[in-house]
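See below for the structure under consideration.
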Amino acid sequence: LRGVAHVARFGFRVVRALLGRQGRALKTWAINRRMIEVGVGSGADVFHSHDLNTLYVGAMCKRRTGAALVYDSHELATERNRMGYWWKQWATWNERRWLPHADAIIVASPSWTSWLREKYRGVDQPIVELINVPPPMEVRPRDLRAELGIADSARILLYQGSIQENRGIEQGIEATLQLDDAVMVVVGYGYHRPTLEKMVRDRGLEDRVKFFGPIPNHELVDWTAGADIGLANIINSSISYYTSLPNKLFEYMMAGVAIIGSDSPEIGRIVKETGVGEVCDPADPDAIAAAARTILTDPAPYRAATVAAAARYNWAVEEKKLIDLYESLTTD
């Protein structure tokens, strides 16, 4: 009887899993169908597919209307963080199937141009490297110390953005604990935040690690400016992460905050070229702590370098690439 019960429970789990997948597939089908209907009726000259989950929709809209199609890849769709084998196979098939329909491709990191051309040998469309940067703005620093009850004497290391695994947050916390009179501030939200908050409580680190936000996007850089160092130590857990250029890197520049960046092809290159911070192994708390000490010993040159860097890496510069692309697609 126990064996029969075990088989029955196993069978129930299989059926439930299949029904769950079927339900998700039907939901996706319904959403895609509705998006295609709206797109076809929009009279658009260009369809802009944000990431792989909308590439099929854009291709169908192009097929039915003759409009141009842009594929905007915010990450390497087949090389993302925590990506399982079967999901990667599906993403590869999907991208290979529909990518040829695009008239142009946008990528958020220069490294991704060569990656896409190598992976899909037939990809010969124009590829625009459009970096995710903030608009130029007047920064009005807000007092993180007063807001979070941090002593005026304490130095603040700050992480901002989506709170996920392999973003270097744990390593940043461990590095902060090696520094005298320093506090780590984690700004943002995400599925990994409760795990980190529990870890901090369990270790009694509430005075050394503070969680803040989420906060309105238009206030973010003002709060960032209250920190001493911004962390962009993304872990090399996937090709997409290893070659990424995250928003936070450029938001730190705009806020005038020195940066500790990953020793990766893109983050490391820009930090070195601009002189806005130090580069180190993002998975090594000792290396992060050493970089922090270097910056905190004489922070003025790093902060000064952020002025020129922010003047180069902002949306007023980058948007011209997008406008030129649209003009090329609509005037041919």
Side-chain angles (χ1 to χ4, degrees), residues 13 17 20 24 51 53 74-77 79-88 91 132 144-145 147-150 154-179 182-217 219-220 223-224 226-249 251-252 257 259-264 267 280-289 291-292:
R13 287 196 295 269
R24 288 192 295 272
D51 279 327
N53 61 319
H74 301 159
E75 295 189 69
L76 282 177
E79 309 295 331
R80 297 173 64 182
N81 181 46
R82 301 174 67 246
M83 196 170 200
Y85 174 80
W86 291 112
W87 180 246
K88 182 173 181 176
N132 293 323
L144 267 177
R145 289 173 175 81
E147 180 73 19
L148 300 177
I150 299 171
R155 303 299 89 192
I156 295 178
L157 278 68
L158 181 142
Y159 168 91
Q160 67 185 43
S162 180
I163 302 177
Q164 302 181 31
E165 294 170 304
N166 299 316
R167 297 295 183 99
I169 304 172
E170 294 90 336
Q171 291 79 5
I173 291 172
E174 297 300 331
T176 302
L177 298 180
Q178 298 183 33
L179 304 173
V183 174
M184 170 89 170
V185 174
V186 181
V187 180
Y189 59 93
Y191 71 86
H192 196 46
R193 176 164 169 167
T195 300
L196 292 176
E197 289 176 321
K198 183 178 184 302
M199 182 268 285
V200 168
R201 289 194 303 270
D202 290 347
R203 294 176 60 182
L205 300 176
E206 289 91 343
D207 290 338
R208 301 296 303 274
V209 182
K210 306 286 186 179
F211 293 88
F212 185 45
I215 56 179
N217 190 62
E219 297 180 5
L220 178 60
W223 287 109
T224 302
D228 296 284
I229 295 175
L231 298 180
N233 56 315
I234 306 299
I235 304 297
N236 180 14
S237 63
S238 68
I239 296 173
S240 188
Y241 267 23
Y242 182 56
T243 56
S244 66
L245 275 176
N247 305 41
K248 62 178 65 61
L249 177 65
E251 290 162 347
Y252 295 150
V257 173
I259 298 166
I260 295 177
S262 304
D263 56 353
S264 56
I267 296 175
C280 67
D281 180 350
D284 184 353
D286 294 343
I288 298 169

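All figures in this text were calculated on a predicted structure; none of them were measured in a lab.
Not a single side-chain hydrogen bond (donor to acceptor under 3.5 Å, both in side chains) links Thr176 to another residue, sequence neighbours left out. In this structure Glu170 satisfies the salt bridge (charged side-chain N to carboxylate O under 4.0 Å, His left out) test with no other residue, sequence neighbours excluded. When the salt bridge (charged side-chain N to carboxylate O under 4.0 Å, His left out) test is applied to Glu206, no partner is found at least two apart in sequence or on another chain. Residues forming a side chain to side chain contact (heavy atoms under 4.5 Å, CB included) with Phe211 (at least two apart in sequence, or on another chain): Val186, Arg193, Leu196, Glu197, Val200, Val209. Qualifying side-chain hydrogen bond (donor to acceptor under 3.5 Å, both in side chains) partners for Asn53, counting only residues two or more places apart in sequence or in other chains: none. Judged as a side-chain hydrogen bond (donor to acceptor under 3.5 Å, both in side chains), and not counting sequence neighbours, Asp263 has no contacts. The salt bridge (charged side-chain N to carboxylate O under 4.0 Å, His left out) search around Arg82 returns Glu165, not counting sequence neighbours. Residues passing the side chain to side chain contact (heavy atoms under 4.5 Å, CB included) test with Asp228 are Arg145, Arg155, Ile156, Leu296, Arg303, sequence neighbours excluded. With sequence neighbours left out, the side-chain hydrogen bond (donor to acceptor under 3.5 Å, both in side chains) criterion links Asp286 to Gln178. Contacts of Pro216 classified as side chain to side chain contact (heavy atoms under 4.5 Å, CB included), with partners at least two apart in sequence or in another chain: His218, Glu219. When the side chain to side chain contact (heavy atoms under 4.5 Å, CB included) test is applied to Asn247, the partners found at least two apart in sequence or on another chain are Asn132, Glu251.
Shown here for Ala292 and Leu157, the closest heavy-atom pair between the two residues is CB-CD2, 4.4 Å. Cys280 and Ala291 make their closest contact through SG-CB, 4.5 Å (heavy atoms, listed as atom of the first residue, atom of the second, distance). Tyr159 approaches Leu231 most closely through the heavy-atom pair CD1-O, 4.1 Å. The minimum heavy-atom distance between Ala232 and Ile259, with the atom names listed, is CB-CG2, 4.3 Å. Shown here for Asn81 and Ser237, the closest heavy-atom pair between the two residues is OD1-OG, 2.8 Å. When all heavy atoms are compared, the tightest approach of Ile267 to Gly261 is CG2-CA, 3.8 Å.
Taking the side chain as every heavy atom from C-beta outward, Trp223 and Glu147 approach each other to under 4.5 Å. Using a 4.5 Å cut-off on side-chain heavy atoms (C-beta onward), Ile150 and Val185 make contact. At a threshold of 4.5 Å between non-hydrogen side-chain atoms, the residues Leu144 and Lys210 do not count as touching. The side-chain heavy atoms of Leu177 and Glu174, taken from C-beta on, include a pair separated by under 4.5 Å. Considering only heavy atoms from C-beta on, Glu79 comes within 4.5 Å of Lys88 through its side chain.
The closest donor-acceptor contact from the side chain of Asn233 to the backbone of Gly168 lies under 3.5 Å. Between the side chain of Ser262 and the main chain of Ile234, a donor-acceptor pair closer than 3.5 Å is present. At least one donor-acceptor pair under 3.5 Å links the side chain of Asp51 to the backbone N or O of His74. Under the 3.5 Å distance criterion, the side-chain polar atoms of Ser240 are matched with a main-chain donor or acceptor of Leu76. The main-chain N or O of Tyr252 is never found under 3.5 Å from a side-chain atom of Thr224 such that the two would form a donor-acceptor pair. Between the Arg208 side chain and the Ala182 main chain, a donor and an acceptor come within less than 3.5 Å of each other.
Here the straight-line distance linking atom CG of Asp281 with atom CD1 of Ile288 works out to 7.5 Å at 0.5 Å rounding. Taking CG of Leu158 as the start and CZ of Phe212 as the end, the distance is 10.0 Å to the nearest 0.5 Å. Remark: Met184 CE to Ile229 CD1 distance equals 11.0 Å, nearest 0.5 Å. Between the CZ atom of Arg203 and the CD1 atom of Ile173 there is a distance of 8.0 Å, given to the nearest 0.5 Å.
Applying the ring-ring contact (aromatic ring centres under 6.0 Å, His included) rule to pairs touching residues 188-209 yields nothing, sequence neighbours excluded.
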